[in-house]
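Below is one structure; the comments refer to it alone.
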Amino acid sequence: MALFNKKKNQDEAETASEKGFDYKSGILNALNEKLNGTLYDDCIIMPRGFTIDVKVGKSEEKENVNLLQVLFIVEHDDFDEPLIEPVDAQGQTPEEAAKMAADIFYGAVWHPLDQSMFKKNPIHIPVTFLNQHYDFDMYAQSIVRIGTSPDEKPVMLINGIINQMPKYLGSKKYYWVRIYLAKHKDREVIEVRVNNSVCSELARPYKQYIDTWDASEKFLCEKQYAVFVQREEDKCPFSKEVVMKTARAAIQKMLEIKNRDEYLKMAEELDEIAENKDIAAEVRIFIPEILAKMTLGYQEGDSLFLIENDSRIEFKKTQLRSYFYIQQAVIEFLNSRPSQEAVQKIVMNSVAFRELRKVNQEQGHEPKDLFVPGTAYKVGGENYKVW
């Protein structure tokens with residue numbers, strides 16, 4: 001997450017690209033000097049199926065310092081989603097900034113991935129939830145620090161949440177956790193992501209730690225990745241592509257529904273598209289809830305609550321792989337710039353929206369001031385299993 005001030009006028013300074021420096025090539029070359037992979041088609045191809053791409057965001061020169069924002073994108077056939085690492089870097093020259101970005105990525109991300117490939121010093125993490133058991137190996141060593149004194153011993157950030165991690169791991173082959181702490185003067189950033197998704201509850205244990213930092217004079221940052229690899233092969237009966245195909249179709253159909261009969265017809269059509277009634281049900285349930293969360297701005301916890309036999313079983317969104325596939329389809333829909341009326345038509349079916357509207361009418365609270373612990377849902381099919 002960038003803490004650099006955004007430039008108000010792009011014409012005030014000459015960017016590195018205007019000077020003729022190709023940041024992408026500079027970063028890839030600097031990184032590949034460490035990795036010794038194969039540079040091909042503007043990415044790095046590594047053994048064992050990993051590819052690394054780079055997207056350069058903003059670059060500017062400010063007070064004779066080159067500031068750079070970069071996205072590193074790591075893909076692998078066993079990843080359900082690409083690993084995306086945002087990096088801020090700087091240097092006296094563009095070459096120095098490019099090298100710093102490569103060094104940060106290498107230390108934060110590639111080191112634990114390399115450990116996982118060669119099974120170096122794994123830590124066993126058993127996971128049991130909803131009568132299912134999975135065994136993971138965790139790899140986490142490197143800690144990237146910016147602005148801190150070299151005399152200060154690094155803190156293993158993952159240790160602050162290691163006991164909570166089994167609650168966030170599900171059936172996927174790979175999970176990764178990104179812990180990012182930054183502070184400058186009175187501004188603090190505490191962010192924990194699991195497979196690119198922000199998990200607000202995992203950020204809380206770091207508040208006391210970051211409050212001890214003295215960042216009155218300079219920017220301080222600490223970052224750590226932990227990679228979790230399931231020992232068994234993925235046995236999920238459906239693919240990401242099927243879920244997203246079903247979700248995209250559901251969004252379009254939800255825009256056309258006028259009555260309950262049409263809703264029931266849509267449900268039958270989604271069953272056929274998904275070829276899996278449980279997936280079709282999850283798609284119908286979660287699209288309005290995810291869209292409500294994204295458009296209304298209320299705070300939501302990391303949990304899902306499965307209703308079975310009049311009881312509620314709590315687990316985490318990251319443990320239901322379809323949830324984030326559906327969320328990706330919703331993001332695609334929002335990126336298409338739909339009308340406010342179209343968004344509202346779907347959001348009206350959200351249970352959270354109806355409850356928030358009731359609270360607003362009775363107590364006058366705005367959605368942004370409210371916290372929802374999670375989403376409760378029920379799938380009527382027999383033998384429903386969380387994947």
Side-chain angles (χ1 to χ4, degrees), residues 236-298 300 303-315 317 319-362 367 370 372-387:
C236 182
F238 58 83
S239 68
K240 176 181 180 179
E241 290 71 25
V242 166
V243 178
M244 292 197 63
K245 177 183 177 182
T246 307
R248 292 179 183 125
I251 289 170
Q252 295 306 312
K253 293 178 185 298
M254 287 178 178
L255 296 174
E256 302 167 359
I257 291 173
K258 298 182 180 63
N259 53 53
R260 179 166 178 75
D261 288 340
E262 291 184 0
Y263 181 89
L264 295 175
K265 181 181 178 182
M266 176 196 72
E268 293 178 358
E269 292 171 345
L270 294 181
D271 287 349
E272 294 177 3
I273 294 172
E275 299 181 356
N276 183 315
K277 290 188 175 183
D278 293 340
I279 290 300
E282 290 174 356
V283 165
R284 293 196 311 271
I285 292 167
F286 290 124
I287 283 176
E289 304 303 331
I290 293 171
L291 192 56
K293 177 187 67 175
M294 289 185 168
T295 56
L296 298 180
Y298 58 85
E300 186 172 61
S303 295
L304 294 173
F305 301 92
L306 177 62
I307 300 173
E308 283 189 347
N309 301 322
D310 297 325
S311 63
R312 299 205 317 175
I313 305 170
E314 181 178 0
F315 62 105
K317 293 172 186 172
Q319 294 177 303
L320 180 69
R321 63 171 68 197
S322 67
Y323 185 90
F324 293 99
Y325 303 160
I326 298 167
Q327 180 170 283
Q328 186 172 335
V330 171
I331 292 172
E332 288 181 1
F333 170 62
L334 290 175
N335 287 341
S336 71
R337 299 185 180 278
S339 67
Q340 185 175 353
E341 291 76 16
V343 173
Q344 287 179 342
K345 185 166 187 178
I346 298 177
V347 168
M348 289 286 288
N349 293 308
S350 162
V351 174
F353 168 74
R354 293 195 294 269
E355 290 299 317
L356 290 173
R357 184 171 60 177
K358 181 179 178 182
V359 170
N360 177 260
Q361 291 172 345
E362 294 177 353
L370 299 173
V372 177
T375 301
Y377 77 107
K378 181 177 182 179
V379 175
E382 294 183 6
N383 302 316
Y384 171 69
K385 181 177 179 179
V386 171
W387 283 99

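It should be emphasised that the depicted structure is a prediction, and the values quoted were computed from it without experimental measurement. The chain is numbered in sequence order, starting from 1.
Under the rule for a side chain to side chain donor-acceptor pair (under 3.5 Å), the partners of Q327 that lie at least two apart in sequence or sit in another chain are K293. Judged as a side chain to side chain donor-acceptor pair (under 3.5 Å), and not counting sequence neighbours, the contacts of S303 are E314, K316. Residues satisfying the side chain to side chain donor-acceptor pair (under 3.5 Å) test with R248, not counting sequence neighbours, are E332. Under the rule for a side chain to side chain donor-acceptor pair (under 3.5 Å), the partners of K253 that lie at least two apart in sequence or sit in another chain are E269.
Pairing each heavy atom of V343 with each of P338, the nearest pair is CG2-CG, 3.7 Å. Between A329 and I251, the shortest heavy-atom contact is O-CD1, 3.7 Å. Closest heavy-atom contact between K317 and F324: O-CE1, 3.4 Å. In terms of heavy atoms, V243 sits closest to V283 at O-CG2, 4.3 Å. When every heavy atom of I273 is checked against every heavy atom of T246, the shortest pair comes out as CG2-OG1, 3.7 Å. Taking every heavy atom of both residues into account, V379 and A281 meet most closely at CG1-CB, 4.1 Å.
Atom CD of residue Q328 and atom CE of residue M244 lie 4.0 Å apart, to the nearest 0.5 angstrom. Here the CD-NZ distance, from E282 to K277, works out to 15.0 Å after rounding to the nearest 0.5 Å. Atom-to-atom distance recorded for E355:CD and Y298:OH is 11.0 Å, nearest 0.5 angstrom. With values rounded to the nearest 0.5 angstrom, F305 atom CZ is found 12.0 Å from I313 atom CD1. Going from atom CZ of F286 over to atom OH of Y377 covers 5.0 Å, rounded to the nearest 0.5 Å.
The 12-atom threshold is exceeded at NZ of K240, counting heavy atoms of other residues, nucleotides or ligands nearer than 6.0 Å. Within 6.0 Å of the NZ atom in K385, the count of heavy atoms belonging to other residues, nucleotides or ligands exceeds 12. Within 6.0 Å of CD in E382 there are 12 or fewer heavy atoms belonging to other residues, nucleotides or ligands.
Note on residues 336-352: pairs passing side-chain hydrogen bond (donor to acceptor under 3.5 Å, both in side chains), not counting sequence neighbours, are E289-S350. For the ring-ring contact (aromatic ring centres under 6.0 Å, His included) condition, no pair includes a residue of residues 258-283, sequence neighbours left out.
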(request) Evaluate the side-chain contact (heavy atoms from CB on, under 4.5 Å) criterion for residues K265 and D261: first the C-alpha distance (whole Å), next the side-chain angles of each, then the deciding distance (0.1 Å), finally the verdict. (result) CA-CA 6 Å; K265 181 181 178 182; D261 288 340; over 6 Å; no

(message) Applying side-chain contact (heavy atoms from CB on, under 4.5 Å) to Q319 and L304, what does each step give before you reach the verdict?
(response) CA-CA 9 Å; Q319 294 177 303; L304 294 173; over 6 Å; no

(request) Walk me through it: do F333 and I290 pass the test side-chain contact (heavy atoms from CB on, under 4.5 Å)? (result) CA-CA 12 Å; F333 170 62; I290 293 171; over 6 Å; no

(request) Show your reasoning for whether side-chain contact (heavy atoms from CB on, under 4.5 Å) applies to L270 and I279. (result) CA-CA 9 Å; L270 294 181; I279 290 300; over 6 Å; no

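Using a 4.5 Å cut-off on side-chain heavy atoms (C-beta onward), M266 and M254 make contact. Proximity of P288 to F353: side-chain heavy atoms (C-beta onward) are nowhere separated by under 4.5 Å.
Between the N276 side chain and the D278 main chain, a donor and an acceptor come within less than 3.5 Å of each other.
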